[in-house]
Amino acid sequence: MENGKIDITLPDGSVRSFDKALSGQDLAMDIGPGLAKAALALRIDGEMKDLKTLLDRDTAVEIVTIREDGDEVLELLRHDAAHVLAEAAKELYPETQVTIGPSIENGFYYDFAREKPFTPDDLEKIEKRMHEIVDRDEQIVREEWARDAAVDYFKSIGEHYKAEIIASIPADQPIGIYRQGEFQDLCRGPHLPSTKKLGHAFKLMKLAGAYWRGDSRNEMLQRIYGTAWRNEKELKAYLHRLEEAERRDHRKLGREMDLFHLQEEAVGMVFWHEKGWTLYRTLENYLRHKLEVADYKEVKTPQLVDRKLWEASGHWEKFRDAMYTTESDERTFALKPMNCPCHVQIFNQGITSYRDLPLRMAEFGSCHRYEPSGALHGIMRVRGFTQDDAHIFCTEDQITSETEIFCALLLDVYKDFGFTDVKVKFSDRPEVRAGEDETWDKSEGSLREAIDATGLSYSMNPGEGAFYGPKLEFVLTDAIGRDWQCGTLQVDFVLPERLNANYIGEDGAKHRPVMLHRAIFGSMERFIGILIEEYAGRFPLWLAPEQVVVATITDEADDYAREVLAALKAKGLRASLDLRNEKINYKVREHSLAKVPALLVAGKREAEEKTISVRRLGEKHQKVLDLGEAIDQLVEEAKVPGL
RNA sequence: GCCGCCGUAGCUCAGGGGUAGAGCACUCCCUUGGUAAGGGAGAGGCCGACAGUUCGAAUCUGUCCGGCGGCACCA
């Protein structure tokens, strides 16, 4: 800044000098009118700022345009879309109060407070008004207000939620107010220079309820969700993705593929049909084998257990409302919502030596929980489910190595299903919890040490741990982009204490073991739901409930087709026969729609030559192979991983 | 649980104060056809449940049940 000059360094390394301070807009114009037109914001020292920011010192500046890839531009657009949404809603329905409206993955939302609910018709009107506001090309101007003045202002115009938000901001922080047209909103920014820059590639998607400040004790607001993109093409691509995702919805495929159903008489409980149950058993046996190799001991514990045990474990106090109970012999029993207390009962039989640790006790444990009705979702969130549960009883010293061993096993299993990018979350102590703070310090510390030892990257999930200990969550994503916790690992110093679990140490004295609660699939039901969506119903051969259909072209091949079926079954393949009096086109179409991985077609020629025409799902053409060769190939491909 | 929307044949959906319709699937008949729908006929519904309004309710109103989308919850 010599001689009052301001040097601006551009991303290409070139430097422009100016006599006096200038706005980012001026800078863009100075470089070229095309750039000025495309400019949306600035990146000053790597941080996004308004395009109108005054540049009054030497600095490195990057001009952000609509053509820039990456999420930052999208976040900017979406955040503005939320403001335009709020402006439109206020214009059309002035009695509405605005609250917050952030950008989110794929879009944005805005929460409104209003007596009368918005209707789908209102959505259309609001969207139309949003387009008008964009066309008005309203300048978006940032101002900074004193906090108390801002609170008074918003109170005076009846925006009590806004006033409350501002009042909760620390007094020494500046209050940024963005004005566009008649609409003013509290906001940190940055924003576009004008509403026109938002463009028209946005769409309002859905109406929903949402609690004020995310707390169910508060009143419910009305949330409007929308999506926004750089251009029409991206918007269309997104809408198309949504349609594709709907096609692989496990609820739809579950019905179409005759895997399972749900009905009113057993809400949240799955009726497994033959094909779905075959899939279920295949998975269970696969995992059972993995567990055997990993030195787990499988057990089975009772469904109905006296409430005394749940009181002792602490579950009764915390989850009583979500437990199914029944009275008998003047005692109260609960359908088990978890397996851990039962596993401790097995552990407590006899005397355990430190030589027995780590003891890995596994169960495909059938559990029931009275989940809130609004939480139910297909077979992903149900009231009756089976956990691939296990508890590792070990010493404190063994936590790290057991965590490493478990994470390796989990990733190995996930890899067999093609899940390679797994989100890991670390959830620490919740507000309501059992155990002393010192115990939590210890358990969180040891889990952190253990996860660090695995080298996996993870994100923090504060306050989301189980009531007895911190946990790792292994999260998979469904077709519609929703995250589901599947695997978990939880460190527990509390239950062994409460249920008096002991082992005899090297010193001959009693010691408390640590329990590691862990699951890989999480629940069989949820994992199967995820798999259906992941594969869009087109399972790999080893998982497919119906692996092969033998279909005939004429009834002259019926006897041969029966021989083929027998040969397939003798090799352990799941196969069936289609001898119907239908054209081969019809049969191909039907079995393709049913997503049968392999169709073996037999006509007169094949019968005479002892060959078979192999048509694989997803391929346009078929291959004629020697029967033995065809079967060998299928058998090889149908091998269960790890077996 | 809370907010909004929805509930008609096995599935997808149309209709809408005067006793219910399509396509696919299903059953039967004809067709023996070489790799994604051959032709014909037939059967199938207490219009989610209960109450109310009405001469009359699948249709209007209310309550409940269930589903869907969010929110909250998730040992």
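First the proteins, then the strands, lettered A, B, ... as listed; each starts at 1.
- Pairing for B:G17 is absent, with no Watson-Crick or G-U wobble pair whose two atom distances lie under 3.5 Å.
- For B:G67, neither phosphate oxygen OP1 nor OP2 lies less than 4.0 angstrom from any side-chain nitrogen or oxygen of A:H377.
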So which protein nitrogen or oxygen atoms get under 3.5 Å of nucleotides 71-73 of chain B's nitrogens or oxygens?
| from | atom 1 | to | atom 2 | distance (Å) |
| --- | --- | --- | --- | --- |
| B:C71 | O4' | A:G209 | O | 3.0 |
| B:C71 | O2' | A:Y211 | N | 3.0 |
| B:C71 | N4 | A:G374 | O | 3.4 |
| B:A72 | O2' | A:S216 | OG | 3.1 |
| B:C73 | O2 | A:R381 | NH2 | 2.8 |
| B:C73 | N3 | A:R381 | NH1 | 2.9 |

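- Nucleotide B:U35 forms no Watson-Crick or G-U wobble pair with any nucleotide shown, as no partner meets the under 3.5 Å limit on both distances.
- The residue A:E265 sits apart from the nucleic acid: no heavy atom pair falls under 4.0 Å.
- Using a 4.0 Å heavy-atom criterion, one finds that A:R320 contacts no nucleic acid atom at all.
- Not less than 6.0 angstrom separates the ring centroid of A:H391 from the ring centroid of A:F347.
- Base pairing analysis places B:G23 opposite B:C11; the two distances defining the Watson-Crick or G-U wobble pair are each below 3.5 Å.
- Look at A:R255 and you won't find any side-chain N or O under 4.0 angstrom from OP1 or OP2 of B:A25.
- Nucleotide B:U54 forms no Watson-Crick or G-U wobble pair with any nucleotide shown, as no partner meets the under 3.5 Å limit on both distances.
- Residue A:R251 has no polar side-chain atom (N or O) positioned under 4.0 Å from OP1 or OP2 of B:G67.
- Pair assignment for B:C2: B:G70, on the basis of Watson-Crick or G-U wobble contacts that are both within less than 3.5 Å.
- In terms of the ring pair (Phe, Tyr, Trp, His ring centres under 6.0 Å) criterion, residue partners of A:Y225 (sequence neighbours excluded) are, by chain and number, A:Y109.
- As judged by a 4.0 angstrom heavy-atom cut-off over every strand, A:N585 is placed among residues touching the sugar-phosphate backbone only.
- Within the nucleic acid shown, A:Y468 comes within 4.0 Å of sugar-phosphate atoms alone, with no base atom in reach, counting heavy atoms only.
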